[in-house]
Amino acid sequence: MLSMELFRNDADKIRADHDKRGIPHDRINRVIAIDEEWRNALKSMEDGRRERNLAAKGIADAKKSGSKEDADRIMAQVKDLGDRIAQLDEKANSLLEERDSIRMRIPNLLHEAVPIGADEGGNTQHSLHGEKPQFDFEPKTHNELIEMNKWVDLERAAKVAGSRFFFLKGDLARLELALQTYAVDFLIGRGFTFIQPPVMMNRDAYEGVTDLSDFETVMYGITPDPLYMIATSEHPLTSMYMDEVIEPSLLPIKLVGVSPCFRREVGAHGLSDRGIWRVHQFTKIEQVVITHPDDSWDHHEDLLKNCVDLWDALDLHYEVVNICTGDMGTVAARKYDLEAWLPGAEAFKEVVSCSNCTDYQANRLRMRYRTSEGNAAVHTLNSTAVATSRALVAIMEQNQLEDGRVRVPKCLVPMMNGKTHLEPCQL
RNA sequence: GCGGCGAUCGCAUAGCCUGGCCAUUGCGUCGGAUUGCUAAUCCGAUGGGUCUUCCCACGGGGGUUCGAAUCCCCCUCGCCGCGCCA
């Protein structure tokens with residue numbers, strides 16, 4: 001959410017940003033108009049309260065000096081004042097609610113380096129990493145590999161849970177655990193604190209970190225309790241300090257979280273998403289940084305560097321993509337994606353998303369740091385380190401052998417008890 | 001789940017019983033002053049708002065009242081005990 005100061009003092013900045021995104025200004029103008037109305041309504045209400053406070057004081061004084069008649073007279077005068085104030089208060093509150101429900105839907109201001117584009121076709125390549133793997137045989141898709149090696153059981157998962165769930169089995173499951181351990185240790189080595197978060201959140205905290213439409217299309221609600229399954233550990237980690245004033249000496253707060261991630265994937269269809277590429281539950285190792293606004297763009301580059309070094313260590317071929325205006329979404333000001341090469345699909349596909357959300361989440365979460373001029377919103381950043389299901393797909397497809405076995409990335413071999421290749425699962 | 005107790009400003013606290021001055025004090029932080037000692041001492045500021053002779057804020061919501069931190073009800077969270085439990 002953008003700060004109200006921006007609407008009041010620098011609305012043209014927001015309008016120019018909307019032009020870049022290709023969306024109309026009407027919501028901005030509406031926020032400004034309702035804000036004006038709200039301020040007037042608030043003023044009348046405050047005048048009423050002031051009158052009441054003065055009267056209450058008058059009564060107290062009168063009683064103290066023993067003048068019961070004076071007290072009774074004032075009381076009679078202000079008898080209906082309470083109702084009037086309540087009405088004015090209600091009006092002001094409904095205006096405020098209306099203003100902010102619109103404001104919540106206005107997207108973050110974009111960084112100036114974000115390329116202009118209507119949709120994902122406008123994204124640009126930032127850099128290319130690793131060597132494209134060459135095969136002297138026809139490489140298989142990960143779907144073929146998991147099936148022939150019995151590493152994933154989709155049918156039985158459908159039976160006990162539903163479609164787009166999976167049982168992960170044998171060596172592939174063991175590799176998944178190795179990936180988690182490797183990524184967590186890697187980030188601990190770069191100064192991150194390891195956190196295991198709650199995997200359910202209440203509505204109030206959740207509204208602070210995500211686009212409102214996600215409640216309809218992404219998150220699972222829990223019946224009968226008013227909770228939501230997290231779509232990523234970014235959400236509990238970022239909202240961890242909500243409603244707090246953070247001592248500047250604690251910044252930057254660098255967190256690495258591991259959690260299962262739950263996504264409804266409403267509207268997702270198609271054969272290209274079969275297997276474990278797009279699923280309702282997967283595990284993700286996530287980086288989160290809460291920082292001083294002056295440092296946030298440096299931290300954004302650091303987060304990307306961590307991903308690049310981590311994915312280089314896994315010895316995979318991928319590109320970094322600079323996400324364009326039309327593909328950005330509501331919360332981020334700038335976003336890089338890592339897209340891994342999938343030989344089976346002959347395409348780069350998204351495996352990492354690295355965002356600077358500037359003060360957008362912090363404003364919603366009332367998450368500030370102390371300055372000599374008062375409190376100011378912090379900046380929040382997040383980046384996938386590894387989403388294990390997708391990393392496994394990339395490893396399987398890029399490291400496959402002709403017989404269907406898969407070479408374990410060198411850095412993970414020690415965590416696989418020295419095992420260098422994934423063998424088929426017997427069960 | 002049941003019972004008891006609690007929640008006040010960055011942290012810690014007083015005020016609540018018995019409704020009515022400006023919500024107290026300590027620590028921390030920031031600013032200033034001063035002194036030659038890794039810092040001490042003194043002064044000031046330090047919840048939010050439209051930064052203000054004004055309004056709001058004592059976990060959240062409602063009620064009683066001319067007036068609520070204070071009385072009543074509901075909810076949330078925490079602590080203690082009991083129950084259940086990986």
Side-chain angles (χ1 to χ4, degrees), chain A residues 1-11 31-100 103 196-208 222 224-228 236 239-253 260 290-292 294 359 362-378:
Chain A
M1 181 167 69
L2 301 177
S3 73
M4 230 23 246
E5 286 68 53
L6 208 53
F7 287 91
R8 287 177 191 152
N9 308 325
D10 211 357
V31 167
I32 293 168
I34 297 172
D35 183 52
E36 186 80 36
E37 264 189 85
W38 169 70
R39 287 152 85 160
N40 289 332
L42 191 66
K43 181 121 184 54
S44 329
M45 195 267 295
E46 285 189 356
D47 286 344
R49 281 181 169 164
R50 178 153 158 259
E51 205 181 316
R52 184 178 67 186
N53 290 344
L54 285 171
K57 194 180 245 179
I59 293 164
D61 290 346
K63 280 194 173 174
K64 213 169 290 173
S65 61
S67 171
K68 183 127 181 20
E69 307 81 56
D70 281 358
D72 288 343
R73 184 173 46 75
I74 305 173
M75 272 192 242
Q77 276 173 8
V78 294
K79 202 148 178 61
D80 64 330
L81 191 55
D83 290 339
R84 254 170 58 211
I85 293 170
Q87 276 176 23
L88 291 164
D89 191 33
E90 205 171 311
K91 185 183 171 197
N93 276 334
S94 76
L95 284 167
L96 188 65
E97 207 171 295
E98 191 186 352
R99 184 196 78 182
D100 285 343
R103 185 157 66 116
Q196 295 190 22
V199 298
M200 299 181 201
M201 287 172 60
N202 62 44
R203 178 98 192 187
D204 187 36
Y206 226 133
E207 282 186 354
I222 305 296
D225 295 313
L227 295 169
Y228 296 86
S239 52
M240 199 171 164
Y241 290 87
M242 72 183 282
D243 286 318
E244 293 191 33
V245 180
I246 303 170
E247 289 298 336
S249 61
L250 291 175
L251 300 175
I253 295 172
I290 300 168
T291 187
H292 191 284
D294 292 349
D359 62 0
N363 280 328
R364 287 198 192 183
L365 292 167
R366 302 162 294 277
M367 203 155 74
R368 300 141 292 162
Y369 68 100
R370 193 182 308 289
T371 80
S372 50
E373 278 104 50
N375 300 330
V378 294

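Throughout, protein chains are lettered first and strands after them, A, B, ... in sequence-line order, and every chain is numbered starting at 1.
Heavy-atom nearest nucleotides on RNA chain B were determined for A/Ala60 and for A/Ala41, and the one closer to the 5' end corresponds to A/Ala60. In terms of position on RNA chain B, the residue among A/Ile59 and A/Glu51 whose nearest nucleotide sits closer to the 5' end is A/Glu51.
In this model, the phosphate group of B/C66 is not approached by any side-chain N or O of A/Arg52 to a distance below 4.0 Å at OP1 or OP2. When the side-chain nitrogen and oxygen atoms of A/Asn53 are compared with OP1 and OP2 of B/C56, one or more of them lie within a distance under 4.0 Å. Within the structure, every side-chain polar atom (N or O) of A/Asn375 is placed at least 4.0 Å from both OP1 and OP2 of B/G47. Note on A/Lys57: a side-chain N or O is less than 4.0 Å away from OP1 or OP2 of B/C22.
Look at A/Asp61 and A/Lys57 and you find no salt bridge, because none of the NZ, NE, NH1 or NH2 atoms lies under 4.0 Å from a carboxylate O. Here A/Glu46 does not pair with A/Arg50 in a salt bridge; the nearest charged N to carboxylate O distance is not below 4.0 Å.
Atom-to-atom distance recorded for A/Met75:CE and A/Lys63:NZ is 4.5 Å, nearest 0.5 angstrom. Summarising the geometry, atom CZ belonging to A/Phe7 is positioned 9.5 Å from atom CG belonging to A/Asp35; distances are rounded to the nearest 0.5 Å. With rounding to the nearest 0.5 Å, the separation of CZ in A/Arg49 from CD1 in A/Ile85 is 7.0 Å. We find the CG-CG distance between A/Asp100 and A/Leu95 to be 11.0 Å, quoted to the nearest 0.5 Å.
Across the C1' atoms, B/C51 and B/A45 are found 14 Å apart, a figure rounded to whole Å. Taking atom P in both B/C72 and B/G4, the straight-line distance is 14 Å, to the nearest Å. For the C1' atoms, the distance linking B/C5 with B/G59 amounts to 16 Å, nearest Å. Distance check on atom P: B/U8 versus B/G60 gives 10 Å, rounded to whole Å. With C1' as the reference atom, B/G20 and B/U65 are 12 Å apart, rounded to whole Å. Atom name C1', nucleotides B/U25 and B/U76: the rounded distance is 30 Å, in whole Å. As rounded to the nearest Å, B/G6 and B/C17 have P atoms that lie 13 Å from one another. With both ends at atom P, the span from B/C58 to B/A69 equals 7 Å, rounded to whole Å.
Listed candidates were B/C56, B/C66, B/G49. Nearest to the side chain of A/Leu42 is B/G49. Residue A/Ala56 places its side chain closer to B/C66 than to any other of B/C66, B/C56, B/G10.
One can find a donor-acceptor pair under 3.5 Å joining the base of B/G20 and the side-chain atoms of A/Lys63.
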Would A/Met45 and A/Lys91 count as a side-chain contact (heavy atoms from CB on, under 4.5 Å) if you check the C-alpha gap in whole Å, the side-chain angles of each, and the deciding distance to 0.1 Å? CA-CA 9 Å; A/Met45 195 267 295; A/Lys91 185 183 171 197; over 6 Å; no
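Nucleotide B/G19 holds its P atom 18 Å from the CG atom of A/Asp61, rounded to whole Å. Rounded to an integer number of Å, the gap from CG of A/Asn202 to P of B/G60 is 16 Å. One interatomic measurement links the two molecules: CZ of A/Arg39 to C1' of B/C55, which rounds to 15 Å at whole-angstrom precision. Taking atom CD of A/Glu97 as the reference point, atom C1' of B/G61 lies 14 Å away to the nearest angstrom. In this structure, A/Asn9 atom CG and B/U50 atom P are separated by 10 Å, rounded to whole Å. Between the CE atom of A/Met242 and the P atom of B/C77 there is a distance of 14 Å, rounded to whole Å. The CH2-C1' distance, from A/Trp38 to B/U50, rounds to 7 Å in whole Å. Distance, A/Ile74 CD1 to B/G20 C1': 13 Å, rounded to whole Å.
B/C77: Watson-Crick or G-U partner is B/G6, with both key distances under 3.5 Å. Of the nucleotides present, none pairs with B/U64 by Watson-Crick or G-U wobble criteria with both distances under 3.5 Å. In this structure B/C82 sits in a base pair with B/G1, meeting the Watson-Crick or G-U test at under 3.5 Å. In this entry B/C37 has no Watson-Crick or G-U wobble partner, no candidate having both defining distances under 3.5 Å. Shown here, B/U29 forms a base pair with B/A45; the pair counts as Watson-Crick or G-U wobble because both key distances fall under 3.5 Å. For B/A57, there is no paired base (Watson-Crick or G-U wobble, both distances below 3.5 Å). Both distances falling under 3.5 Å, in either a Watson-Crick or a G-U wobble arrangement, occur for no nucleotide opposite B/A69. Applying the Watson-Crick and G-U wobble criteria (two distances, each under 3.5 Å), B/A14 pairs with nothing in any strand.
Between A/Tyr369 and A/His292, the ring planes are tilted. Angles from 30° to 60° get that label.
In B/C55 the O4'-C1'-N dihedral to the base is more than 90° from 0, which defines an anti nucleotide.
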